[in-house]
Amino acid sequence: MSERTFSIIKPDATRRNLTGKINAVIEDAGLRIVAQRRIRMNEAQAKKFYEVHAARPFYGELVEFMMSEPVVVQVLEGEGAVAKYREVMGATNPADAAPGTIRKLYAESVGENSVHGSDSQENAALEIAQFFTETDIVG
Ligand code: ATP
Ligand code: MG
C-alpha cells in the first residue's frame, strides 16, 4: 500500500552539497519526493524532533548538529515507504551500512549520518505534521 514517510537530509550532507545525489538514490529506489523544503532548524524544533533521545548521552550534541547548517525536510511517498526508506538509508552507523545505501555512500559517522527516516507509520505522521501541512504535500 502506498504510504508516506518523513526524511531529513542532515547538515553534514547539505554542507557537502549532496542534496541532489541523495535525492537521486531516493528516486532510484522508487520513492517519490512529494514535499521538500530547505530550512534552518531552530533549537526548539531540533529538541522536539529528537525528544525520544533526550535521555541519551549524545542528545545535546545531536541537537547542536541539527542546528549547525541547513537541512532539507521531505515527505516521501511509495509502496511501503517507511520500511523501504529505512532500507535505502542503511544502518545508523555507516560502518555497518550495506553497499549502495545512502549512509554507506555518504555518511561521515554514527552521529553525522546524512539522513533521517521515520521508523514507523505512526512516527512518520507525527514528524510530517511537525514540518508540513497537508497543502504542502503534492502527490
Ligand atoms: P534517525 O532517527 O536519524 O533516522 P536512526 O533511527 O538510524 O536514525 P536512532 O537510534 O534513532 O537512529 O538515532 C537518532 C540519531 O541520533 C542518529 O541518526 C544519529 O544522528 C544520532 N546518534 C545515534 N547514535 C549515536 C551515537 N552513538 N553517537 C552520536 N550520535 C548518535
Ligand atoms: Mg530513529
Side-chain angles (χ1 to χ4, degrees):
M1 200 187 75
S2 188
E3 63 185 32
R4 288 174 179 169
T5 192
F6 179 73
S7 163
I8 303 177
I9 301 178
K10 294 183 179 182
D12 66 282
T14 62
R15 174 167 35 80
R16 290 176 289 149
N17 252 5
L18 292 171
T19 299
K21 287 197 169 77
I22 289 172
N23 279 350
V25 178
I26 290 169
E27 293 187 329
D28 286 350
L31 291 164
R32 190 170 290 273
I33 301 164
V34 294
Q36 173 169 261
R37 188 187 312 121
R38 183 172 164 106
I39 62 167
R40 189 178 280 269
M41 264 197 202
N42 62 36
E43 189 175 357
Q45 284 173 313
K47 281 185 166 166
K48 181 178 176 198
F49 185 74
Y50 277 125
E51 214 163 37
V52 295
H53 297 304
R56 309 281 284 275
F58 55 80
Y59 180 63
E61 183 189 329
L62 179 58
V63 167
E64 284 303 317
F65 168 59
M66 293 304 285
M67 297 166 57
S68 66
E69 299 273 343
V71 298
V72 178
V73 291
Q74 305 176 307
V75 180
L76 310 181
E77 200 170 85
E79 291 289 311
V82 169
K84 183 178 274 188
Y85 190 46
R86 297 287 294 186
E87 201 178 304
V88 169
M89 289 196 302
T92 309
N93 186 343
D96 303 327
T101 61
I102 293 169
R103 284 167 168 167
K104 186 63 169 189
L105 288 165
Y106 300 122
E108 299 195 301
S109 66
V110 66
E112 308 209 353
N113 59 4
S114 301
V115 281
H116 160 80
S118 308
D119 58 14
S120 65
Q121 287 194 60
E122 188 189 358
N123 282 336
L126 291 170
E127 292 169 3
I128 289 168
Q130 188 182 342
F131 293 96
F132 293 100
T133 60
E134 203 50 43
T135 52
D136 295 327
I137 304 168
V138 184

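We count ligands from 1, going down the list as the structure has it; atoms in each ligand are counted the same way. Values in this document were obtained by computation on a predicted structure and should not be read as measured data.
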Inset, instruction - Starting from atom 20 (O) of ligand 1, locate the nearest protein heavy atom and write down its residue, its atom name and how far away it is, to 0.1 Å. - result: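 The closest one turns out to be Gly111 O, 2.8 Å.
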Inset, instruction - If you have a sec, work out which protein heavy atom is nearest atom 19 (C) of ligand 1 and how many Å separate them, to one decimal? - result: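 The answer is Val110 O, 3.2 Å.
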Have a look at [options] and point out the one with the heavy atom closest to [atom].
| atom | options | answer |
| --- | --- | --- |
| atom 16 (O) of ligand 1 | Leu62, Asn93, Val115 | Leu62 |
| atom 29 (C) of ligand 1 | Phe65, Tyr59, Phe6, Phe58 | Phe58 |
| atom 11 (O) of ligand 1 | His116, His53, Lys10 | His53 |

Inset, instruction - Measure the shortest side-chain to side-chain distance between Val88 and Asp28 over non-hydrogen atoms and say whether it is less than 4.5 angstrom. - result: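 They are not in contact (no side-chain heavy atoms under 4.5 Å apart), so the answer is no.
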Inset, instruction - Measure the shortest side-chain to side-chain distance between Phe131 and Asp136 over non-hydrogen atoms and say whether it is less than 4.5 angstrom. - result: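 They are not in contact (no side-chain heavy atoms under 4.5 Å apart), so the answer is no.
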Would you say [X] has any N or O atom under 3.5 Å from an N or O of ligand 1, going by distance alone?
| X | result |
| --- | --- |
| Thr92 | yes |
| Asn113 | yes |
| Met89 | no |

Legend entry - Val115 and Tyr106: CA distance, side-chain angles, deciding distance, side chain to side chain contact (heavy atoms under 4.5 Å, CB included) verdict: CA-CA 9 Å; Val115 281; Tyr106 300 122; over 6 Å; no
Find all atoms of ligand 1 within a distance of less than 4.0 Å from any non-hydrogen atom belonging to [X], and give their numbers and elements.
| X | answer |
| --- | --- |
| Arg103 | 1 (P), 3 (O), 4 (O), 7 (O), 8 (O), 18 (O) |
| Gly117 | 4 (O) |
| Tyr50 | 3 (O), 14 (C) |

Please check: side-chain N/O of [X] versus main-chain N/O of [Y], any donor-acceptor pairing under 3.5 Å?
| X | Y | answer |
| --- | --- | --- |
| Arg86 | Val82 | no |
| Asn113 | Thr92 | yes |
| Arg37 | Phe132 | no |

Side chain, backbone, both or neither: which part of [X] comes within less than 4.0 Å of ligand 1 when only heavy atoms are counted?
| X | result |
| --- | --- |
| Arg86 | side chain |
| Met66 | neither |
| Val52 | neither |

Inset, instruction - Flag the pair Glu108 and Arg15 as a salt bridge only when some basic side-chain nitrogen lies within less than 4.0 angstrom of an acidic carboxylate oxygen. - result: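 A salt bridge is present here (some side-chain N lies under 4.0 Å from a carboxylate O).
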Inset, instruction - Assign the ring pair Phe6 / His116 to parallel, tilted or perpendicular, where the plane angle (0 to 90°) is split at 30° and 60°. - result: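 Tilted, since the angle between the ring planes falls between 30° and 60°.
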Inset, instruction - May I ask you to check whether over 12 heavy atoms, not counting those of Glu87, lie within 6.0 Å of atom CD? - result: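 No, the 6.0 Å shell around CD holds no more than 12 heavy atoms from other groups.
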